[in-house]
Amino acid sequence: MKKKYIAFSCAAALSLILASCASKPKVEEPVKQDPKPVQKVEEVVEEPAVEEQEDNSSALEADANARAQADDQYQKALQAKAKIDENGFASYSQDDYDNGNSLLSEFESKKDSENVSGKELLDLADSAYGKYQNVLFKAYKKLAKDARVAAFTEKKNADSVKAAAAAKAEYSSATEEFKAGDSNYAMQNPESAYNHYIAAKEKFAAMYASVSVKRAEAQKAIDEAKEKVLNSENYAINADHEKPLEGDNIEGIEAEDAVLLEADNYESSEALESEIPAVIDELEVEEPAASPEKSENEADAQAEETPVENESAAEAVEQEAE
């Protein structure tokens, strides 16, 4: 009996051991948690102040305007250079012409560069244009002086044939041209003065030629009339010798003190002639502001110039016989 109990106990113990080995212990799984969102750190970029933005905008606008002005001045410089070259004016101020060429070349080499400011380009174009203007000013100043002398000579020729009385309208027009030339010369515009002097010269010259022809025709008529009068006098003398008339108040014969023609009241040509000085006052003319450099050769040329003397009035116009 005792042996059966021991065997039963061993069997029960063995069963428990086998049961414990066969069943796996439960393992608790970890609870899944949602990952916490990661906060993105945004880089904060500070925007420039409003005043700084306005300054930059103004600077860009000013540079663009300066570049536009520089291009305009560049085109003017090219036109002035072409005018000098076409007329052969470079020798009137060779230094200015050479300096203008150098400045123009420098401008052309820099105008497309982003590293050069608009102001620098404008300064270059302005300077080049100014140099070429100096050449033109000095050239036309010399030409205007010469043209004035020529116009004054033609005026004297017109005065010698009494054109002021014979061609009033033409004479007045030529005189106005001459005075306009003097006015422009005094106002530092020698090119315009030159053009007016040339116009005055041509008008006075044409007037002199026209009036001279008319005077020659009138003189011919006067000579023919004098010849007729002389022939009549000779005929009368011969007739008086052959058959003298006797007594007073003879029909067809006027008294010795009779007034046959009323006195003609012709206008004096001298009173109609315009008073224009032979030489314009050089003190009224100065270099333009863009031309600070004055040529010493020009100053010497001014000192050597001599005034043109006024011509004395010619004799009065002879009356044409009818």
Side-chain angles (χ1 to χ4, degrees), residues 83 86-89 92 133 136-223 264-288 298 301-302 304-320:
K83 191 172 186 178
E86 290 172 2
N87 293 279
F89 286 168
Y92 284 95
Q133 283 296 99
L136 292 172
F137 181 88
K138 293 173 182 178
Y140 278 112
K141 184 176 179 181
K142 179 63 171 64
L143 292 174
K145 289 179 182 179
D146 295 341
R148 191 184 191 280
V149 172
F152 192 80
T153 299
E154 293 299 337
K155 176 188 178 298
K156 291 194 298 179
N157 291 338
D159 290 341
S160 70
V161 294
K162 306 304 177 185
K168 292 182 181 179
E170 294 85 349
Y171 189 90
S172 177
S173 176
T175 299
E176 289 304 315
E177 287 283 4
F178 202 115
K179 290 181 177 179
D182 283 351
S183 177
N184 278 272
Y185 191 87
M187 294 173 66
Q188 304 180 16
N189 191 349
E191 181 177 359
S192 180
Y194 167 77
N195 292 330
H196 281 296
Y197 290 142
I198 292 297
K201 172 193 169 185
E202 292 174 351
K203 289 184 178 183
F204 279 127
M207 200 184 319
Y208 170 73
S210 176
V211 174
S212 294
V213 171
K214 293 179 180 179
R215 278 177 59 85
E217 293 174 351
Q219 186 63 48
K220 180 181 179 182
I222 290 172
D223 293 339
D264 293 319
N265 184 20
Y266 292 99
E267 284 185 283
S268 171
S269 176
E270 287 79 1
L272 297 174
E273 293 175 4
S274 58
E275 295 183 2
I276 296 178
V279 179
I280 193 171
D281 188 1
E282 280 294 326
L283 296 178
E284 296 180 3
V285 183
E286 298 177 355
E287 292 284 341
E298 182 185 346
Q302 292 178 9
E304 293 175 0
E305 288 181 356
T306 56
V308 179
E309 298 295 336
N310 285 316
E311 187 180 78
S312 60
E315 297 179 354
V317 179
E318 296 177 327
Q319 304 300 328
E320 179 178 355

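- Take Phe89 and apply the ring pair (Phe, Tyr, Trp, His ring centres under 6.0 Å) test, not counting sequence neighbours, and it matches Tyr92, Tyr140.
- In terms of heavy-atom proximity, Ala151 sits nearest to Tyr197 at CB-O, 3.5 Å.
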- Query: Would Tyr185 and Lys145 satisfy side-chain contact (heavy atoms from CB on, under 4.5 Å), going step by step from the backbone distance to the final call?
  - Reply: CA-CA 9 Å; Tyr185 191 87; Lys145 289 179 182 179; 3.1 Å; yes
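- Here the OG atom belonging to Ser173 is positioned 9.0 Å from the CZ atom belonging to Phe204, to the nearest 0.5 angstrom.
- Side-chain atoms of Arg148 do not come within 3.5 Å of backbone N or O of Phe178 as any donor-acceptor pair.
- Taking CD1 of Ile276 as the reference point, atom NZ of Lys156 lies at 12.5 Å (rounded to 0.5 Å).
- Side-chain contact check for Asp159 and Tyr171: at least one donor-acceptor pair (N or O, by modelled atom type) lies under 3.5 Å.
- Residues passing the side-chain hydrogen bond (donor to acceptor under 3.5 Å, both in side chains) test with Ser183, sequence neighbours excluded: none.
- For the pair Asn157 and Tyr208, the tightest heavy-atom approach, listed with the atom from each and the gap, is O-CD1, 3.0 Å.
- Once rounded to the nearest 0.5 Å, the distance linking CG of Asn195 with CG of Asn184 reads 9.0 Å.
- Within the model, atoms OG of Ser192 and CE of Met187 stand 9.5 Å from one another, a figure rounded to the nearest 0.5 Å.
- With Ser172 contributing its side chain and Lys168 its backbone, the two residues share no donor-acceptor pair below 3.5 Å.
- A search for side chain to side chain contact (heavy atoms under 4.5 Å, CB included) contacts involving Glu177 returns His196, Ala199, Ala200, Lys203, not counting sequence neighbours.
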